[in-house]
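This chain uses plain numbering: 1 for the first residue, then up along the sequence.
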Amino acid sequence: MKKGIIIGLSALLVLALIVGSVFVWLRLQVDPTIVAKKFLSKIERQEFTGLEELFIDGEHPSEDELNEGFARFAKAFQLADIRILDLVPFSTSSKDATIYFELSYESLDLAPLNISSNLILQRSSIFEDWKVKWSDNLPLPNHGLAVDYIRNRIASERGNILNANGHLIAGLGSRVTVGVQPDRIKEEGILLEALERYLDLKPAYVRAQYTAPGVQGNWFVPLITLTEQEYSAVELYLRPVSGVFFRRIDARTYPKGDKYAHITGYLGEVTSEMIDVYPERDYVSGEIVGRAGIESTQDILLRGTPGYEVYVDPGDGSRTLLGVKPQVNPEDLQITIDDQMQTWAYELLQGISGSLVVLDAQSGAILVMASTPSYNPNEFIGGISSSRWRELNEDSGNPMFNRALQGLYPPGSIFKVVTVATAVDRGVYTPGSSFNDTGELKVEGNTIRNFERQVFGEHSLHEAMVHSVNTTVAQVGLELGAEILKEYFEAWGLNQSMNLGLPMVSSRSGDLGRSKVALAWSALGQDQVLLTPLHVARIFSVFANGGIAPPIHLLKNQVDTFGKFVLKPETVEQINSMLEDVVLTGTGKAARGTGLQVYAKTGTAEIKGGGNHAWFAGHVSLPDGHKIAFALLVENGGVGGEVAAPIMQKFLLRLKDRY
């Protein structure tokens, strides 16, 4: 029996030895790479909760320290993702292991950054779990967790805007800040009176600036910033006043002021909405950016895109470059506006609410885009006051409104050229087609009369255009039908806005077919027909260009379309004969005497509620062979032939003298 017990105990001992050996063998086989991968996977996901459990007791960062250290790196580097590229055991013993790893940091705006280092894992015995010994080599080897980072923004001076002549219309210039030096003021009363008289600065405001707590007597206390032109107007009066001083500063300026305001637009502080809507532009709070006109729509080109340099900053005065995002340099932009013509337009429209558009009828370049009244974009430099902004927006003359592109007006008799040209082009009528006018036309109970109730009797279609006979053109429109008239309206591109780099509205034909009355009045440019001045100029460019509508453009070297066929050449020739006679013997006689061959049409468009818009539009061949098309609108001006035609005649006289 004793022998059996001994044998049993021996068997148990052998079994225990075997089990123990297996256990020891299994513990020796525990791969430290598994722990290393678990650790780095948390780093990869930036999940630092629970990471402390993987560290050896002793010195290692807390969860908060890991979060803060990686957050600083992520913000500077614009971290988008972390990926484990490689994980390889380098050396392993029963209690120590070194694991080689590679990580890739991917950025939103910098090139990916690949790093490599080692993880050291240890255990006190084979019966313990492997744990990481913190080596302070993350996020970056050789720099560790506690370093700071510097992210330098790199931006260049904003690009210039030039006109067709190469003259600066928006770009770097200077402004003058007017201020006072308190201890140099000898006679306060004289100073306060002068500043109020010449700069409209209230005495209470001025005194509050230089008597504010902390202001030193030898300080320059700024009061107001002026354009160079404004400074020139007051410098003579303010310089002799003791205590008044001036400082010139670099600033974006608009040398041509109101003459280009609706084209250039202006700058202003970026809004939070813009930051959200245009993340690719990398706007920052407080930045000055384009807020209107080309400054706004072409901001991405004029401003460029900022670049960045990211550095590791250990705090000892040294820096290590971590990455670079190259900047996209700003570009200068050149527009097609002819400076002399634009200046003439504003001079002739002085005191008028209206617009003048002039096109190169062959290339489609916009040579003049004038809208009056206008505003001075220099007022926005440095920020415009809320009271002045309110004043501009509440002005009954609507100076901020670009009538040339955004104004929709009934064209009146100007539109007769579209109706008649459509009828001739389709072969429905010829210039010699005969009509008999009795002074009025009845359409479904509605009466259409001629201007001032004129009666023309027997006449041709040619004569109907020359003398602007309402009854005849209404008949032509009815015979054509709504479908064909709308087809040509759209063939001219009048139902479309244009890619000019500026906000623009589409012209409207309205519902031409809703009734015969609507169609008859629409054929005369009334009812629901509304056109922009630019679209009216486009109509006449077709007659200057052999029946082809040129690609209208404002930005040089940015023509993205070809001309569009609208009318047969023979139709153009026949309509031009009519337009020439409009000026020679018809309603446009006030435009004679320019020495140029003028083809044009007058328009007196009735306004709902009373009054008339005055139109004069057409085209001209210049002595050098160039052909221009134009459209002139005078809001509430009255009769086109009496008001608009004489203004255009003055413009054409100046143009003739240039050649």
Side-chain angles (χ1 to χ4, degrees), residues 155 157-158 160 168-261 264-270 284-292 295 373-395 399-400:
E157 194 67 45
R158 191 175 180 85
N160 297 320
L168 185 74
I169 58 174
L172 184 62
S174 60
R175 301 192 82 204
V176 178
T177 299
V178 182
V180 297
Q181 185 175 325
D183 61 9
R184 299 288 292 273
I185 299 172
K186 294 180 180 179
E187 298 183 62
E188 186 181 56
I190 292 176
L191 176 134
L192 295 175
E193 181 185 355
L195 291 173
E196 183 173 22
R197 175 183 297 178
Y198 298 111
L199 298 177
D200 197 27
L201 297 176
K202 302 303 178 186
Y205 164 77
V206 175
R207 289 195 81 257
Q209 304 310 304
Y210 65 78
T211 60
V215 173
Q216 303 296 311
N218 62 345
W219 283 9
F220 173 83
V221 181
L223 297 174
I224 190 172
T225 301
L226 307 176
T227 65
E228 290 287 357
Q229 184 178 6
E230 291 167 338
Y231 167 68
S232 297
V234 301
E235 188 260 348
L236 180 65
Y237 305 104
L238 294 180
R239 188 166 289 281
V241 179
S242 63
V244 174
F245 289 87
F246 308 94
R247 284 187 179 176
R248 184 168 274 104
I249 57 174
D250 289 339
R252 191 165 184 85
T253 57
Y254 302 91
K256 305 289 184 177
D258 60 353
K259 295 179 181 63
Y260 286 85
T264 61
Y266 53 84
L267 301 181
E269 188 171 338
V270 68
V284 294
S285 181
E287 186 177 357
I288 302 302
V289 301
R291 294 297 303 276
E295 291 277 36
S374 185
Y375 67 95
N376 189 346
N378 288 298
E379 290 191 63
F380 291 82
I381 300 170
I384 190 169
S385 68
S386 57
S387 60
R388 178 56 178 153
W389 173 252
R390 186 167 54 252
E391 183 181 333
L392 283 170
N393 281 279
E394 293 177 356
D395 189 323
M400 305 290 287

Mind checking the [atom1]-[atom2] spacing from [X] to [Y]? Nearest 0.5 Å is all I need.
| X | Y | atom1 | atom2 | result |
| --- | --- | --- | --- | --- |
| Ile381 | Ile288 | CD1 | CD1 | 11.0 Å |
| Leu226 | Leu199 | CG | CG | 5.5 Å |
| Leu195 | Tyr205 | CG | OH | 10.5 Å |
| Ile185 | Leu192 | CD1 | CG | 7.5 Å |

Main-chain N/O of [Y] paired to [X] side chain as donor or acceptor, under 3.5 Å:
| X | Y | value |
| --- | --- | --- |
| Arg184 | Ser242 | no |
| Glu188 | Lys186 | no |
| Asn378 | Thr253 | no |
| Tyr375 | Ala261 | yes |
| Arg247 | Pro222 | no |

State whether Arg175 and Glu228 are salt-bridged, where the test is any N-O pair (Lys NZ or Arg NE/NH1/NH2 against Asp/Glu carboxylate O) under 4.0 Å.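 No.
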Should the heavy atoms of other residues, nucleotides or ligands under 6.0 Å from CD of Gln229 be counted, would the total exceed 12?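 Atom CD in Gln229 is not packed in, count stays at 12 or less.
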Do the non-hydrogen side-chain atoms of [X] and [Y] ever get within less than 4.5 Å of each other?
| X | Y | answer |
| --- | --- | --- |
| Glu295 | Tyr254 | yes |
| Leu172 | Arg252 | no |
| Trp219 | Tyr210 | no |
| Tyr266 | Met400 | yes |
| Val206 | Leu191 | yes |
| Ser374 | Lys259 | no |

Give the C-alpha distance, both sets of side-chain angles, the deciding distance and a yes or no for salt bridge (charged side-chain N to carboxylate O under 4.0 Å, His left out) between Lys202 and Asp200. CA-CA 6 Å; Lys202 302 303 178 186; Asp200 197 27; 3.8 Å; yes
How about Tyr198 and Tyr237: are their ring centroids closer than 6.0 Å? yes
